[in-house]
Amino acid sequence: MLSILCFYFDLRLYLTIKIRNYGNHLMQKISIRNLSEHIGEEITLQGWLFNKRSSGKIKFLILRDGTGYLQCVYFKGSVSEEVFELADRIGQESSITVRGKVKVEPRAPGGYELDATVLTVISEAHDYPITPKEHGIEFLMDHRHLWLRSTKQAAIMRIRHRLIKAIRDFFDNNGFTLMDPPILTPAACEGTSTLFETEYFDLGKAYLTQSGQLYAEAGAMALGKVYTFGPTFRAEKSKTRRHLTEFWMVEPEVAFANLNDDMDLAEEFLEYIVQTVLKEREEELKVLERDTTLLQNVKRPLPRITYKEAVEILRKNDIDFQYGNDFGGTDETIISNQFDRPVMVHRYPAEVKAFYMKRDPENEKLALAVDVLAPEGYGEIIGGSQREDDYNTLLKRIEEHNLPREAFEWYLDLRKYGSVPHAGFGLGLERTVGWICGLDHVRETIPFPRMIYRNTP
RNA sequence: UCCGCAGUAGCUCAAUGGUGGAGCAUCCGGCUGUUAACCGGAGGGUUACAGGUUCGAGUCCUGUCUGCGGAGCCA
């Protein structure tokens with residue numbers, strides 16, 4: 001009996017150790033990123049052949065493992081004939097396993113080098129289309145699935161990921177609850193943009209969401225502070241460096257908040273996410289050759305000007321701007337160029353803004369709205385407002401905009417049962433990534449961009 | 001949707017209306033420290049498509065398609 005019991009515990013202990021080792025395997029695996037901890041050691045790495053150079057009896061294979069790049073050196077005399085021949089034969093992006101001794105080598109890119117003895121091929125590649133030379137944007141976009149392997153694209157993806165994490169951390173650490181809105185919706189949220197349409201069984205048409213905001217408002221009434229973070233869709237035929245048909249948006253919504261609270265939140269949020277990415281993705285920003293001087297300035301307080309003051313700035317810069325219009329891309333650039341950090345423009349004419357925005361009690365023609373314009377011509381990255389919280393006023397707005405009342409009954413209910421002042425904003429993820437990375441087009445900020453003339457790969 | 005620009009080798013680009021080339025990639029050869037390595041050689045073309053002008057069109061004209069840049073719309 002005792003021996004059976006002992007065996008049982010032995011088995012449990014054995015299994016625990018096995019499972020723990022197995023679980024830690026991936027985490028403890030040596031990668032190029034943490035190579036400095038393994039100088040002088042004989043190690044094995046797996047990855048892809050990024051590039052190779054040779055000089056007769058010496059070959060330099062640049063290995064890429066997703067975390068970095070490492071030059072692996074093969075001398076003819078010190079490796080087998082087969083290995084040397086293989087090193088000569090395999091093409092760019094072949095998947096390989098290398099083994100050798102890590103050493104510090106100032107002549108090698110990155111400062112480390114592998115004195116390699118072993119080379120095995122997992123899968124041989126030939127005629128990889130993206131060579132280490134220049135390519136046009138059409139070719140690169142056609143090969144987006146491969147382009148992501150290149151240094152700069154990989155750096156952008158790492159920055160995007162860190163930005164997403166910073167956004168989530170900020171809200172998670174400040175009492176917000178993530179609440180996912182539906183992507184299929186029965187009607188337009190704002191009643192303005194053109195939406196992607198699809199048949200929805202016997203219920204008629206459904207649309208891909210252009211914003212999670214209205215649902216976030218319901219969330220704020222339930223949970224106080226919420227945020228949504230997901231893909232949104234616009235069928236507008238916008239063909240500019242700032243537009244995608246599918247993009248990601250984060251939208252916080254706060255109960256018992258007015259426009260000033262909203263602006264306070266936006267600037268604290270922006271400071272946190274930008275400074276975090278600057279600190280955590282310094283290397284990647286260097287790869288992109290991003291001058292971060294202006295990004296360092298993204299700290300509270302951000303300048304706040306009214307729409308009226310913004311119009312005056314335009315007029316002082318010899319722009320013939322009609323009061324009452326919305327700003328165009330070049331207008332935004334001129335306004336933001338007056339400041340050394342993002343600028344908040346608030347109190348727009350209500351006509352150019354969405355139906356749900358609350359009017360300024362001091363001037364009914366103005367909406368309690370705010371746009372945050374990023375420097376360096378990156379334009380509007382945040383759009384927000386205090387929401388209309390009065391039932392009758394909101395109903396009037398819905399009618400004025402010829403929106404189908406039935407579709408908004410639930411939204412009106414939020415004003416019927418314990419309405420409170422509330423506000424929120426939306427931040428476009430891709431525009432923010434483009435701004436932080438200093439890119440000239442948002443198509444490089446998302447793994448597989450969707451644009452009016454492209455939905456592949 | 002509108003305005004502008006472009007389409008030539010796998011890629012990036014040349015070519016006065018008169019025999020379509022180069023660099024990279026690929027293949028062959030050389031080189032024991034390369035840095036988008038270099039050096040020598042080879043193969044590689046329905047000049048986007050359709051029509052027109054001309055003795056002759058990659059080049060000029062018309063139309064179509066595709067892409068790029070911008071505007072509008074928007075984040």
Side-chain angles (χ1 to χ4, degrees), chain A residues 50-62 69 71-79 84 87-89 91-93 103 105-111 113 115 125-143 146-147 150-151 188-190 192-195 209-213 231-251 325-332 352-354 371-374 377-384 425-435 440-443 445-446 451-454:
Chain A
F50 186 68
N51 195 9
K52 65 176 177 184
R53 293 180 284 269
S54 81
S55 179
K57 297 190 175 60
I58 181 169
K59 294 199 182 298
F60 302 92
L61 271 55
I62 313 298
Y69 302 85
Q71 175 163 286
C72 308
V73 186
Y74 291 86
F75 283 101
K76 189 162 192 172
S78 42
V79 299
F84 199 74
D88 190 50
R89 193 181 76 214
Q92 195 186 345
E93 289 301 320
K103 62 177 192 185
E105 174 54 74
R107 287 174 294 185
E113 190 175 79
D115 203 353
H126 288 286
D127 298 316
Y128 184 70
I130 303 179
T131 60
K133 281 277 179 182
E134 287 164 19
H135 298 282
I137 190 67
E138 184 185 1
F139 180 82
L140 290 169
M141 290 307 291
D142 283 343
H143 296 85
L146 302 176
W147 190 23
S150 71
T151 319
C189 291
E190 301 181 5
T192 51
S193 312
T194 317
L195 304 186
T209 186
Q210 60 171 327
S211 163
Q213 187 212 304
T232 52
F233 307 86
R234 304 281 164 94
E236 298 283 353
K237 289 199 168 180
S238 300
K239 189 177 153 26
T240 81
R241 65 183 68 195
R242 301 185 306 279
H243 288 88
L244 298 169
T245 58
E246 178 183 318
F247 65 98
W248 284 64
M249 192 152 63
V250 58
E251 296 174 285
N325 288 350
D326 206 350
F327 302 123
T330 42
D331 301 326
E332 289 179 348
V352 300
K353 290 291 177 186
D371 283 357
V372 180
L373 308 181
Y378 284 95
E380 183 184 348
I381 49 165
I382 282 182
F425 62 81
L427 170 119
L429 180 69
E430 286 74 18
R431 282 192 186 175
T432 308
V433 174
W435 165 45
D440 61 11
H441 201 300
V442 288
R443 66 188 159 207
T445 64
I446 187 166
M451 294 169 292
I452 52 174
Y453 295 124
R454 176 179 294 280

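To find a chain, count down the sequence lines: A is the first, B the second, and so on, and within it residues start at 1.
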Checklist entry - Any idea which of C31(B), G33(B), U12(B) is nearest the Ser54(A) side chain? => result C31(B)
Item to check | Below 4.0 Å: OP1/OP2 of U1(B) and any side-chain N or O of Lys237(A) | outcome: yes
Item to check | Integer angstrom distance from the P of U26(B) to that of C11(B) | outcome: 15 Å
Checklist entry - Does any non-hydrogen side-chain atom of Met141(A) lie less than 4.5 Å from one of Met451(A)? => result yes
Next on the checklist: Using atom P in both nucleotides, what's the gap between G7(B) and A48(B) to the nearest angstrom?
Outcome noted: 8 Å
Item to check | Base paired to A6(B) (Watson-Crick or G-U; both N/O distances under 3.5 angstrom) | outcome: U66(B)
Checklist entry - Which residue, His441(A) or Lys59(A), contacts RNA chain B at a nucleotide closer to its 5' end, judged by nearest heavy atom? => result Lys59(A)
Item to check | Watson-Crick/G-U partner (both atom distances under 3.5 Å) of C31(B) | outcome: none
Checklist entry - Of all the choices, U26(B), A71(B), U32(B), which nucleotide is nearest to the side chain of Thr330(A) once you look at every atom? => result A71(B)
Checklist outcome for this item: For U1(B), the nucleotide meeting Watson-Crick or G-U wobble distances (both under 3.5 Å) is A71(B)
Next on the checklist: Please determine whether any donor N or O and acceptor N or O are separated by less than 3.5 Å between the side chain of His135(A) and the base of C11(B).
Outcome noted: no
Checklist entry - Separation of Ile452(A) atom CD1 from A71(B) atom C1', in whole Å? => result 12 Å
Checklist entry - Which whole-number value in Å describes the distance from Tyr128(A) OH to G10(B) P? => result 19 Å
Item to check | Between P of U34(B) and NZ of Lys57(A), the distance in whole Å | outcome: 16 Å
Checklist entry - Hey, is the side chain of Glu138(A) pairing donor to acceptor with the base of G7(B) inside 3.5 Å? => result no
Checklist entry - Judged by modelled atom types alone, do Glu251(A) and Ser211(A) share a side-chain donor-acceptor pair under 3.5 Å? => result yes
Checklist entry - How many Å lie between NZ on Lys239(A) and P on C73(B), as a whole number? => result 17 Å
Item to check | Span that lies between the P atom of A42(B) and that of C3(B), in whole angstrom | outcome: 50 Å
Checklist entry - Whom does G23(B) pair with, Watson-Crick or G-U wobble, provided both distances fall under 3.5 Å? => result C11(B)
Checklist outcome for this item: Taking a pair to mean Watson-Crick or G-U wobble geometry with both distances below 3.5 Å, U46(B) pairs with none
Next on the checklist: Any side-chain N or O of Arg443(A) below 4.0 angstrom from OP1/OP2 of G69(B)?
Outcome noted: yes
Checklist entry - Under a 3.5 Å cut-off for both distances, is G58(B) Watson-Crick or wobble paired, and to whom? => result none
Checklist entry - Mapping Arg242(A) and Met451(A) to their closest nucleotides on RNA chain B, which lands nearer the 5' end? => result Met451(A)
Next on the checklist: Once you apply a heavy-atom cut-off of 4.0 Å, does Glu430(A) come out as touching a base, just sugar-phosphate, or nothing?
Outcome noted: nothing
Checklist entry - Taking atom P of G72(B) as reference, at what distance in whole Å does atom CZ of Arg234(A) sit? => result 17 Å
Item to check | Partners passing salt bridge (charged side-chain N to carboxylate O under 4.0 Å, His left out) against Glu332(A) (at least two apart in sequence or in another chain) | outcome: none
